[in-house]
Chemist: 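What follows is a structure written as structure tokens; I'll ask about it next.
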Amino acid sequence: MPGKDFFTSSEVAASPSPAPEVVAAPSPATEPATPETPREGVYYNPRLDPKNYLDGPLSSNPATRLRQMLARPGIVTAPGICDGISARCAIEAGFECLYQSGAATTASRLGQPDLAIATMNDFVGAAQMVCGINASMPVIADADTGFGGPINVARTVIQYAKAGVAGLHIEDQVQTKRCGHLMGKQVVSREEFLTRIRAAVIARDSIPGGSDFVIIGRTDSAQVLGMEEALTRLRLAADAGADVCFIEGVKTAELLKDTVAALAPKPVLVNVISGGLTPTFTYREAEEMGAKIIIFSLVSAVAMVHACREAMRSLKKTGTDFSSAKGMDPKAFFEVMGLNDVVELDARAGGTAFNEV
């Protein structure tokens, strides 16, 4: 079901099927979603109304599952993962949603800082791997600025959805962007930001069969232009079809509460990075303040730096990896990576190659 065509045919072509009305707002932060009467000039797709996701068992489709989690009580906690090992560890710990951090993915795949170095193909490749580990696990993925103009944004949405990602966030930084918790950020105009959101919505709504893919509008303008401008941008993004609002770098609990109140009933995402601009809220504290999603972008990547540094220094000093292994033999390591499931599948299919491992 296509979104409203805000563009000329030379930029992003809308699907020929009837467009949704132009937004019933999704759920308030941690309460069950309640539908609103659509307002004139505001995107509204009745199929995606939060009330449609309140009842029934959680879907095996990750995007639908994420919408169900957003529509129902409770905060969605998504630890930042950077590779297959961190994804496996997060799933093992019992998390029900994962966050593919752009900074962590850039560091893991390229060994580079978060300065707009990674491409869409880098992010999609990482997403395909992560989403392949558990096909029903919702993965929210960083999509930076959408990697270009409206056509690039639309292509990004399609490629992420094909990879199995449940939702992504698009931001308003310039193309030479940086981590949202670094200084010196620059942002594009309101209209350029809204063009990115509209392109993402149109692309999502053009996916055959009707996609539940979640569009998250992110603004980095609070540190550049102030909180009032940031809230204005997110209100406009919500009107253009963003399902969730994300202000990067909320500096106090009071500002987070004010943000939630100002954007209600639109769900709000908060990003916590230890030592970053946002206080180290726990997920319970964020829920009490009304946030609906909390991500911990660098939780795995930073932990890996500490652990790997310690292991390498120990190996250099002692000449052996005995102490850093902490008793984990190869089989135990592979069991964390899903060894038993793979061996069981092979046996059920009649294979005998792994009768003994």
Side-chain angles (χ1 to χ4, degrees), residues 1-3 20 23-30 32-33 35 43-54 58-72 74-78 80 95-102 123-124 127 130-131 135-144 146 153-154 156-171 196-207 209-219 234 237-248 263 265-271 291-295 297:
M1 192 178 294
V23 188
S27 60
T30 58
Y43 171 93
Y44 176 70
N45 188 334
R47 185 180 61 79
L48 300 178
D49 194 306
K51 72 177 185 297
N52 298 327
Y53 301 89
L54 286 170
L58 290 175
S59 173
S60 60
N61 178 291
T64 304
R65 193 182 191 93
L66 179 57
R67 284 191 180 273
Q68 291 172 318
M69 294 165 73
L70 291 173
R72 303 175 188 189
I75 192 167
V76 177
T77 303
F95 287 99
E96 298 180 351
C97 184
L98 304 178
Y99 174 62
Q100 181 177 297
S101 159
F123 284 11
V124 169
V130 170
C131 295
S136 64
M137 172 70 72
V139 175
I140 300 170
D142 189 348
D144 284 353
V153 172
T156 298
V157 169
I158 298 299
Q159 293 302 313
Y160 275 44
K162 285 182 177 179
V165 173
L168 57 67
H169 59 76
I170 297 280
E171 67 196 50
R196 294 173 182 176
I197 299 299
R198 293 172 190 147
V201 172
I202 290 170
R204 187 269 316 282
D205 289 346
S206 71
I207 295 174
S211 173
D212 285 339
F213 194 82
V214 175
I215 306 297
I216 302 170
R218 162 178 157 174
T219 183
L234 288 184
D239 287 350
D243 301 296
V244 178
C245 293
F246 173 7
I247 292 186
E248 181 67 291
L263 298 172
K266 188 65 64 173
V268 170
L269 181 154
V270 61
N271 181 23
K292 186 61 188 177
I293 305 175
I294 184 169
I295 58 176
S297 295

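Any value given below was found using the heavy atoms of this structure, including those in side chains, with hydrogens, waters and symmetry copies removed.
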Chemist: Among residues at least two apart in sequence or on other chains, which ones pass side-chain hydrogen bond (donor to acceptor under 3.5 Å, both in side chains) with Thr156?
Modeler: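 With neighbours one apart ignored, the set is empty.
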
Chemist: For Ala242 and Gly217, work out which heavy atoms get closest and say how close.
Modeler: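 Minimum heavy-atom contact is CB-N, 3.9 Å.
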
Chemist: How far apart are the closest heavy atoms of Ile170 and Ala143, and which atoms are they?
Modeler: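 Between these two residues, the closest heavy atoms are CD1-CB, 3.9 Å.
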
Chemist: Applying side chain to side chain contact (heavy atoms under 4.5 Å, CB included), run through Ile215 and Arg204 and close with a yes or a no.
Modeler: CA-CA 8 Å; Ile215 306 297; Arg204 187 269 316 282; 3.8 Å; yes

Chemist: When Thr64 is tested against each of Ser59, Pro138, Ser211 for side chain to side chain contact (heavy atoms under 4.5 Å, CB included), which residue passes?
Modeler: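 Testing each of Ser59, Pro138, Ser211 against Thr64, the sole residue satisfying side chain to side chain contact (heavy atoms under 4.5 Å, CB included) is Ser59.
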
Chemist: Using a 3.5 Å distance criterion without hydrogens, assess whether the side chain of Arg65 forms a donor-acceptor pair with backbone atoms of Met137.
Modeler: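 Not a single qualifying donor-acceptor pair exists.
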
Chemist: Could you work out, with side chain to side chain contact (heavy atoms under 4.5 Å, CB included) as the rule, every residue matching Gln159, not counting sequence neighbours?
Modeler: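 If we apply the side chain to side chain contact (heavy atoms under 4.5 Å, CB included) test to Gln159, skipping adjacent residues, the hits are Met120, Val124, Arg155, Lys162.
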
Chemist: Which heavy atom in Val165 sits nearest to a heavy atom in Ala127, and how many Å separate them?
Modeler: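 Nearest pair, atom of Val165 first, then Ala127: CG2-CB, 3.6 Å.
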
Chemist: Under the salt bridge (charged side-chain N to carboxylate O under 4.0 Å, His left out) rule, collect the residues that match up with Asp212, sequence neighbours excluded.
Modeler: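 Applying salt bridge (charged side-chain N to carboxylate O under 4.0 Å, His left out) to Asp212 gives Arg47.
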
Chemist: Which pair of non-hydrogen atoms, one from Val270 and one from Ala291, has the smallest distance, and what is that distance?
Modeler: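 Reported closest heavy-atom pair: CG1-CB, 4.0 Å.
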
Chemist: Could you grab the distance from atom CG of Asn45 to atom CG of Asp205, nearest 0.5 Å is fine?
Modeler: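 Answer rounded to 0.5 Å: 5.0 Å.
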
Chemist: Could you check Asp243 against Leu70 for side chain to side chain contact (heavy atoms under 4.5 Å, CB included), going step by step and ending with a plain yes or no?
Modeler: CA-CA 10 Å; Asp243 301 296; Leu70 291 173; 5.6 Å; no

Chemist: I'd like to check the side-chain hydrogen bond (donor to acceptor under 3.5 Å, both in side chains) partners of Ser136; sequence neighbours left out, ordered by chain and number.
Modeler: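 If we apply the side-chain hydrogen bond (donor to acceptor under 3.5 Å, both in side chains) test to Ser136, skipping adjacent residues, the hits are Asn134.
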
Chemist: From Thr77 OG1 over to Ile294 CD1, what is the distance, rounded to the nearest 0.5 angstrom?
Modeler: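 Output value for this atom pair is 6.5 Å.
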
Chemist: Salt bridge (charged side-chain N to carboxylate O under 4.0 Å, His left out) with Glu248: which residues, sequence neighbours excluded?
Modeler: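 By the salt bridge (charged side-chain N to carboxylate O under 4.0 Å, His left out) rule, Glu248 matches Arg218.
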
Chemist: So, does Tyr160 use its side chain to make a donor-acceptor pair with the main chain of Asp142 at under 3.5 Å?
Modeler: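 Side chain of Tyr160 to backbone of Asp142: a pair is present.
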
Chemist: Under the side chain to side chain contact (heavy atoms under 4.5 Å, CB included) rule, collect the residues that match up with Cys245, sequence neighbours excluded.
Modeler: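 By the side chain to side chain contact (heavy atoms under 4.5 Å, CB included) rule, Cys245 matches Leu234, Ala238, Leu263, Lys266.
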
Chemist: In chain order, what residues pass the side-chain hydrogen bond (donor to acceptor under 3.5 Å, both in side chains) check against Asn52, with sequence neighbours excluded?
Modeler: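 Here no residue qualifies.
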
Chemist: Is the side chain of Gln100 donor-acceptor paired with the backbone N or O of Val139 at a distance under 3.5 Å, no angle test?
Modeler: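 Side chain of Gln100 to backbone of Val139: no pair is present.
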
Chemist: Can you name the nearest heavy-atom pair linking Ser206 to Ile158, along with the distance?
Modeler: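 Heavy-atom minimum between the residues: OG-CD1, 4.3 Å.
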
Chemist: Specify the closest pair of heavy atoms between Val214 and Arg67, including all atoms of both residues, with the distance to one decimal.
Modeler: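 Minimum heavy-atom contact is CG2-CG, 3.8 Å.
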
Chemist: What's the verdict on side chain to side chain contact (heavy atoms under 4.5 Å, CB included) for Phe123 and Asp144, showing C-alpha distance, side-chain angles and the deciding distance?
Modeler: CA-CA 10 Å; Phe123 284 11; Asp144 284 353; 3.8 Å; yes

Chemist: My understanding is that only residues two or more places apart in sequence, or in another chain, count here; which of them pass ring pair (Phe, Tyr, Trp, His ring centres under 6.0 Å) with Phe213?
Modeler: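 Not a single residue meets the ring pair (Phe, Tyr, Trp, His ring centres under 6.0 Å) criterion with Phe213.
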
Chemist: Checking Phe246 now: which residues fulfil ring pair (Phe, Tyr, Trp, His ring centres under 6.0 Å) with it, not counting sequence neighbours?
Modeler: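 Testing Phe246 for ring pair (Phe, Tyr, Trp, His ring centres under 6.0 Å), a comparison that skips the adjacent residues, returns His169.
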
